[in-house]
Structure formats: C-alpha cells, structure tokens
Amino acid sequence: GVELRNFKAAVLRNPSYYFRECISWSLISSGSIAFRYKPQGHLFDVAGMSCFANFDVLYYLLGLNNSCLIDDFMLVLAPTINYQVGNIANIPVVVDGNRKEQVQSIVKRNIEISKQEWDHFEISWDFIKHPLLRGTSTIAEAFDQWQRFTEEQFNQLKANEEELNRIFINIYGLQEELTPEVGDKDVTIRKADLGRDIRSFISYAVGCMFGRYSLDVEGLIY
C-alpha cells in the first residue's frame with residue numbers, strides 16, 4: 001500500500017471505501033446478473049464492482065437486486081452482457097418501509113445458509129471440519145444425515161427466494177407480469193452428492209494425516 005501511494009503513476013480510486021461491507025457483481029455475465037454480499041475486509045475492481053449503502057438498506061438492495069425483477073430491469077438498462085456502474089445505479093429502487101425489515105431478515109438468513117454451505121468445503125477460508133464428521137458410527141449414516149440437512153437447506157433457500165420475489169412483485173405492482181417461482185437450477189447452494197462428498201472426505205483425511213487438519217481442533221492447523 002505504501003509503495004502504491006508513493007508511485008506517481010498509480011491511480012487509487014475511492015480508498016475511503018476500501019474494506020467496507022458491500023454488494024458486488026461481475027462486469028460481464030452471459031447469463032442472469034447475480035449480486036453477492038461481501039463482508040468487511042475486501043477490495044473492489046472493475047471486474048467485480050461494488051455497491052455501498054447504509055446498513056439499514058444494504059440488505060434490502062441485495063434482496064431487490066437478486067429478485068426476479070432484475071432480469072426485466074436489465075433488459076432495458078443494460079441489454080448486453082456488460083453490467084457497468086451506471087447501469088446498476090439506474091435500477092429503480094422503491095423502499096417499502098412496511099416490508100423493509102421483513103426483506104432484510106430473509107436476506108440475512110439467505111446469506112447465512114449460503115455461507116454455511118460454502119464453509120463446509122476446504123476451499124473456504126472459514127472451513128472448520130468436514131460435514132461427514134457427525135458423531136455417527138458409520139460413514140453411510142453420516143452421509144444420510146448430511147443429505148437430509150442439505151435438502152432442508154436447499155428447500156429453505158428456495159422458499160426464501162420465492163418469498164422475496166413475491167414481496168417485490170407486490171411492491172412494484174407487477175402481479176400481471178411476473179411470477180415468484182424459482183427453478184431448482186437457479187438455487188445456488190449444493191445438495192449432498194455421494195461421489196463428490198466421499199472424495200472431499202478422503203481429501204480431508206489426507207489433510208489430517210499431513211497435519212493440515214486435526215480431529216481434535218477445528219479449522220486449519222498448519
């Protein structure tokens with residue numbers, strides 16, 4: 001950071017927003033645009049731009065931007081595969097004070113479900129232990145429990161997203177234009193998969209053998 005600040009040709013844009021909680025999206029997407037929650041501690045760039053807002057509306061905006069309304073908005077605001085800052089800034093935002101708290105509560109729960117799913121895999125910085133370590137006597141029993149858990153989480157996230165769609169459709173008066181249903185393919189968390197989960201379990205076991213993980217202590221050891 002010191003070197004960059006002292007480098008005359010460096011252009012540091014908006015450093016006051018560095019490491020702040022925000023919503024991020026990709027500049028280029030061949031499919032539907034998707035917005036992600038980023039907690040404190042991250043930077044931003046043109047390939048992954050960010051939207052900043054006060055805490056009391058940040059989650060509301062995230063819920064709106066990931067609702068079924070956004071695809072129709074983008075057909076008008078950005079009818080290409082590029083989603084620039086100006087396009088996102090032009091999204092019409094209607095904040096319904098009567099429903100804001102409900103929206104934010106659902107969005108926070110969706111973030112929790114999604115993060116919990118992500119943290120079950122070694123690639124997560126917050127990985128604690130393998131999901132098949134469930135205090136059972138057999139791997140088969142552990143997998144059955146894991147499978148039921150992932151099904152419940154998947155169904156809950158899908159129901160939450162449909163409820164958000166329903167809320168925003170009503171707020172914007174688009175009952176005749178849109179429906180709240182969400183397809184399984186559009187729910188981004190993963191269900192249990194026997195082949196993948198056993199392979200990752202073997203990877204975790206090897207990690208324990210080499211001291212990267214331990215059955216006695218959660219998280220990364222070495």
Side-chain angles (χ1 to χ4, degrees), residues 1-95 100 103-104 106-128 157 160-161 164-165 168 182 185-190 196 200 203 212 219-220:
V2 171
E3 290 181 6
L4 282 172
R5 287 181 179 276
N6 293 331
F7 184 57
K8 293 182 179 179
V11 180
L12 304 181
R13 302 186 187 278
N14 303 310
S16 61
Y17 287 87
Y18 288 0
F19 310 116
R20 286 178 52 176
E21 182 182 41
C22 65
I23 300 168
S24 181
W25 72 96
S26 298
L27 171 63
I28 300 174
S29 176
S30 58
S32 298
I33 187 172
F35 293 81
R36 300 170 295 276
Y37 169 76
K38 290 172 66 174
Q40 292 180 349
H42 297 82
L43 293 172
F44 50 86
D45 197 2
V46 67
M49 292 173 282
S50 297
C51 168
F52 300 90
N54 293 332
F55 176 80
D56 63 333
V57 294
L58 183 70
Y59 296 99
Y60 185 93
L61 291 176
L62 182 58
L64 168 62
N65 288 351
N66 278 329
S67 72
C68 60
L69 280 66
I70 201 67
D71 283 340
D72 282 23
F73 289 169
M74 289 296 103
L75 287 176
V76 177
L77 299 175
T80 68
I81 63 172
N82 292 281
Y83 301 104
Q84 302 187 57
V85 170
N87 305 135
I88 305 308
N90 285 329
I91 293 175
V93 177
V94 177
V95 179
K100 185 172 73 170
V103 168
Q104 297 194 142
I106 296 173
V107 169
K108 289 177 183 178
R109 179 58 183 146
N110 287 354
I111 293 172
E112 290 173 2
I113 292 173
S114 299
K115 186 178 188 305
Q116 189 175 25
E117 185 265 344
W118 179 255
D119 289 345
H120 278 123
F121 295 88
E122 288 184 48
I123 53 177
S124 169
W125 289 356
D126 297 320
F127 175 74
I128 293 178
L157 184 60
N160 288 355
E161 291 183 357
L164 287 173
N165 285 343
F168 284 111
V182 174
K185 64 180 180 62
D186 297 319
V187 181
T188 54
I189 64 171
R190 293 162 284 193
R196 180 200 65 207
S200 69
S203 172
R212 182 175 178 83
L220 187 67

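This is a predicted model, so every value here is computed, not measured. Along the sequence shown, residues are numbered consecutively beginning with 1.
No side-chain heavy atom of M49 sits under 4.5 Å from any side-chain heavy atom of F44. Within the 4.5 Å cutoff, the side chain of E117 has no heavy atoms near those of the T188 side chain.
For the residue pair L27 and Q84, the shortest heavy atom distance occurs at CD1-CG, 3.9 Å. When all heavy atoms are compared, the tightest approach of W25 to V85 is CZ2-CA, 4.1 Å. The minimum heavy-atom distance linking H120 with F127 is given by the pair O-CE1, 3.5 Å. The minimum heavy-atom distance between L61 and A53, with the atom names listed, is CD1-CB, 3.8 Å. Shortest non-hydrogen contact noted between Y60 and V94 is OH-O, 2.6 Å. Between E161 and N110, the shortest heavy-atom contact is CG-ND2, 4.1 Å.
With sequence neighbours excluded, the residues forming a side chain to side chain donor-acceptor pair (under 3.5 Å) with E112 are R109, listed by chain and number. Looking at residues two or more places apart in sequence or on another chain, you find a salt bridge (Lys or Arg N to Asp or Glu O under 4.0 Å) between D119 and K115. Residues satisfying the side chain to side chain donor-acceptor pair (under 3.5 Å) criterion with S203, sequence neighbours excluded, are E122. Among residues two or more places apart in sequence or in another chain, the ring-ring contact (aromatic ring centres under 6.0 Å, His included) test is passed with F19 by none.
If you take CG on N165 and CG on N160, they are separated by 11.0 Å, rounding to the nearest 0.5 Å. One distance of note links CD1 of I28 with OG1 of T80; it measures 9.0 Å at 0.5 Å rounding. The structure places CG of N90 at 8.5 Å from CE of M74, a figure rounded to the nearest 0.5 Å. Note that CZ of F35 and CD1 of I23 are 8.0 Å apart. Values are rounded to the nearest 0.5 Å. Atom CD1 of I91 sits about 6.5 Å away from atom CD1 of I33, to the nearest 0.5 Å. How far CG of L58 is from CZ of F52: 9.5 Å, rounded to the nearest 0.5 Å.
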V107 vs Y37, side chain to side chain contact (heavy atoms under 4.5 Å, CB included): CA-CA, chis, key distance, verdict: CA-CA 10 Å; V107 169; Y37 169 76; over 6 Å; no
Residues Y18, R13; criterion side chain to side chain contact (heavy atoms under 4.5 Å, CB included); working and verdict: CA-CA 9 Å; Y18 288 0; R13 302 186 187 278; 5.7 Å; no
Verdict with reasoning, I189 to V187, per side chain to side chain contact (heavy atoms under 4.5 Å, CB included): CA-CA 6 Å; I189 64 171; V187 181; 4.2 Å; yes
Check against side chain to side chain contact (heavy atoms under 4.5 Å, CB included), L164 and V103: CA-CA 7 Å; L164 287 173; V103 168; 4.0 Å; yes
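Heavy atoms from other residues, nucleotides or ligands lying under 6.0 Å from OH of Y17 number 12 at most.
With N87 contributing its side chain and Y83 its backbone, the two residues share no donor-acceptor pair below 3.5 Å. In this structure, S26 contributes its side chain and G48 its backbone to no donor-acceptor pair below 3.5 Å.
Within the structure, side-chain hydrogen bond (donor to acceptor under 3.5 Å, both in side chains) contacts touching residues 63-79 (residues at least two apart or in different chains) are S32-D71. For residues 39-54, no residue pair satisfies the side-chain hydrogen bond (donor to acceptor under 3.5 Å, both in side chains) rule, not counting sequence neighbours.
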